[in-house]
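Before any comments, here is the structure.
As the structure lists them, so they are numbered: ligands from 1, and atoms in each ligand from 1.
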Amino acid sequence: MTTPDTADRASAPVRLRPEIVATAAYRQGKPAPADAFKLSSNENPFPPIQAVTDAIAGMTTNRYPDASAAALRARLAERYSLPAECVHTGAGSVSILAQLIQAVAAPGDEVIYAWRSFEAYPGLVTVAGATSVMVPNLPDHRHDLPAMAAAVTDRTKAVIVCTPNNPTGTIVTAREFEQFMAAVPPSVLVMLDEAYAEFVTDTDAVRGVDLLSKYPNLVVLRTFSKAYGLAALRIGYALGPSYILDAARNTAIPLSVTEPAQRAAMAALDHEAELMEQVTTLIEQRDRTWQALVDQGWDIPRPQGNFVWFPTGDFTEQAADLFMEGGIVGRALGEGIRVSIGEPESVDKLLAVSAEVVGRLPR
Ligand SMILES: Cc1ncc(COP(=O)(O)O)c(C=O)c1O
């Protein structure tokens, strides 16, 4: 049988962009074996609420969705007291990040973000043809915002600030963020990635929506994937100045936000109280888990998302194997392991393994 594949990639006729060939494909969180918990993708562990299931049941598939997601954007605009043009929806907030980066950055341009942060950022910048400037987090795992502001050059087109930061769980305070905005030129787009905003309980944390009227270069990104439990449907949104969001709309793949996603998002907003009860449960579980881990001897940043960060350093691979053997599928990311807050039953399992791992950490 002949196949279209060519084993000899060096002599392949089509010239691919070398930086794309060299880029590692996005790695999804590992699936869990039958007796383990999949805590590798920061998903909402609760099953969908009835209102969401009802909203998408029996939907027709032969018609295209509303390309502008008008009803959902109107709903979000009302909620945030913004004009509808200042709301943009995408197939997950990650696709809006991609659109915004492409709208501002091209080859020769730089995009700054903290590292370690969301593992999708490097690929999105590379695909745009731009260059990543990664600014190391502080020893306490928080963004080093003064260093990020100092890294801005004439080539900087955008900065991504992630709060709570995936994977370290730390927040940026309102004060820190305002100082940062004062130091960054208004010609640089600032994307405030608030994918986990609903889980934040620290009252000092920045709230992007409160600052939109103050900064003409600020866009806030939110998602229905986490607190609202719609990860499978792919829907997120951005809030910000219409001149920036219009540019994002111009780079978007048309019709990529599906009708079930739009309907489910509206149903989720209509039944938000029910979903926020789930969020409250996850927050309680997160705080209880963090306290128990500290009591076990872990030095772990206080989590403000729906996950905890184990800074396991050089011991990360071994620690991830131990977690896996103990029925916890976390996400090993270089110098640490991120574990999502999952089903209540997963917490006991997690704490049993973490007690064992902490004892084995090299001191
Ligand atoms: C910080 C951060 N931003 C954005 C996203 C993307 O979310 P989605 O594309 O599902 O809306 C994630 C998902 O894990 C994330 O952790």
Can [X] be said to touch ligand 1, with heavy atoms closer than 4.0 Å?
X	answer
C162	yes
Y196	yes
D193	yes

[X]: numbered ligand 1 atoms lying under 4.0 Å from its heavy atoms:
X	value
G92	8 (P), 9 (O), 11 (O)
R234	8 (P), 9 (O), 10 (O)
N166	1 (C), 15 (C), 16 (O)
K226	13 (C), 14 (O)

Among all the protein's non-hydrogen atoms, which is closest to atom 10 (O) of ligand 1, and how far away is it? S225 OG, 2.6 Å
Can you tell me the protein heavy atom closest to atom 12 (C) of ligand 1 and the distance? F118 CZ, 3.5 Å
Residue portion contacting ligand 1 (non-hydrogen atoms closer than 4.0 Å) for S93: both
Evaluate E85 against R73 for salt bridge (charged side-chain N to carboxylate O under 4.0 Å, His left out), listing each step before the verdict. CA-CA 8 Å; E85 315 84 79; R73 283 174 51 227; 5.9 Å; no
Test: E272 and R79 ion pair at under 4.0 Å: yes
Side chain to side chain donor-acceptor pair (under 3.5 Å) for H88 and Q99? Distances and angles first, verdict last. CA-CA 11 Å; H88 172 45; Q99 294 161 14; 2.6 Å; yes
Side chains of T60 and E259, heavy atoms from C-beta outward: is any pair under 4.5 Å? no
Measuring from atom CG of L138 to atom CG of D144, what distance do you get when rounded to the nearest 0.5 angstrom? 4.0 Å
Rounded to the nearest 0.5 Å, what separation is found between the CD1 atom of I96 and the CD1 atom of I101? 12.0 Å
The test is ring-ring contact (aromatic ring centres under 6.0 Å, His included); show your working for F199 and F307 and say whether it passes. CA-CA 10 Å; F199 299 97; F307 50 91; 8.5 Å; no
